[in-house]
Amino acid sequence: MELKSDGVLVSGLVAAATATVAALAGATAIGVAVNRRSGVLRDASPSGGASVGIESAAETAGLGLSDTGPTIVHFSADWCGPCAGVRRVVDQVCAELPGVAHVEVDIDENSVAARRLSVLSLPTTFIFDAQGRQRYRTSGVPKAPDLQTALRALMGGEAID
């Protein structure tokens, strides 16, 4: 490469470097935002409170929800690496809270249920109350203390933020 006297080549390189840095900064910001939401339980009720669920019986039919206590429904697949982490966390929480049921749904075998509940990524975990209403939802691997807090709230305590 030779430097042209009018600086055209130099300004082109500077523009390319600036565009590359801007693209990397944008991708980093998006990655940070996505990772911050991963595994965080979100209240699933339409009002933002935990008083009303949004599912009808048709949307949750066939999931095997408990009618005696909360149920954790975890969508997974054999090819999903993080799903094993969710399974370990949920099994641990269910062992500590015996009134909680755990249902694991393979998205490849039950894509209809995944569509009904708008599962767009794996792993996705839901918490339903004893009436079959979706109360909390998360994508990614949830933290055991967050699950315990949400479940205890449904078993007679206070709701989480």
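Only heavy atoms go into these numbers, but all of them, side chains included; no hydrogens, no water, no symmetry mates.
Among residue pairs with one or both ends in residues 80-89, those qualifying as salt bridge (Lys or Arg N to Asp or Glu O under 4.0 Å) are Arg87-Glu104; sequence neighbours excluded.
Partners of Asp108 by side chain to side chain donor-acceptor pair (under 3.5 Å), not counting sequence neighbours, listed by chain and number: Trp79. Under the salt bridge (charged side-chain N to carboxylate O under 4.0 Å, His left out) criterion, Arg115 pairs with no residue at all, not counting sequence neighbours. By the side chain to side chain contact (heavy atoms under 4.5 Å, CB included) test, Ala113 pairs with Leu63, Phe75, Asn110, Arg116, sequence neighbours left out. With sequence neighbours left out, Cys80 forms a disulfide bond (SG atoms under 2.5 Å apart) with Cys83.
For the pair Thr71 (side chain) and Phe128 (backbone), a donor-acceptor distance under 3.5 Å is absent.
Nearest heavy-atom pair across Leu151 and Pro70 is CD2-CB, 3.6 Å. Minimum heavy-atom separation, Pro98 to Ala95: CD-O, 4.4 Å. Closest non-hydrogen pair, Gln92 versus Ala144, comes out as NE2-CB, 4.0 Å.
In this structure the side chain of Thr125 reaches within 4.5 angstrom of the side chain of Ile72, judged on heavy atoms. Between Val86 and Pro82 there is no side-chain heavy-atom pair separated by less than 4.5 Å.
Of the inter-residue distances, the one linking Ile107 atom CD1 with Thr124 atom OG1 reads 7.0 Å to the nearest 0.5 angstrom. Separating the NZ atom in Lys143 from the CD atom in Gln148 is a distance of 13.5 Å, to the nearest 0.5 Å. Distance check, rounded to the nearest 0.5 Å: OG1 of Thr149 to CG of Leu154 gives 11.0 Å. If you take CG on Asp129 and CG on Asp67, they are separated by 11.5 Å, rounding to the nearest 0.5 Å. The line from CG of Leu120 to OG of Ser139 is 8.0 Å long, rounded to the nearest 0.5 Å. To the nearest 0.5 Å, the span separating CZ on Arg137 from CZ on Phe126 amounts to 3.5 Å.
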Anything under 3.5 Å between a donor and an acceptor, one on a side chain of residues 14-25, the other on a protein residue two or more places apart or in another chain? List them.
| unit_1 | atom_1 | unit_2 | atom_2 | d |
| --- | --- | --- | --- | --- |
| Thr18 | OG1 | Val14 | O | 2.8 |
| Thr20 | OG1 | Ala16 | O | 2.9 |

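Partner Val93 forms a side chain to side chain contact (heavy atoms under 4.5 Å, CB included) with one of Asp146, Val100, Leu147 and no other, that one being Leu147.
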Item to check | Pair Ser76-Val105, side chain to side chain contact (heavy atoms under 4.5 Å, CB included): steps then yes or no | outcome: CA-CA 6 Å; Ser76 67; Val105 179; over 6 Å; no
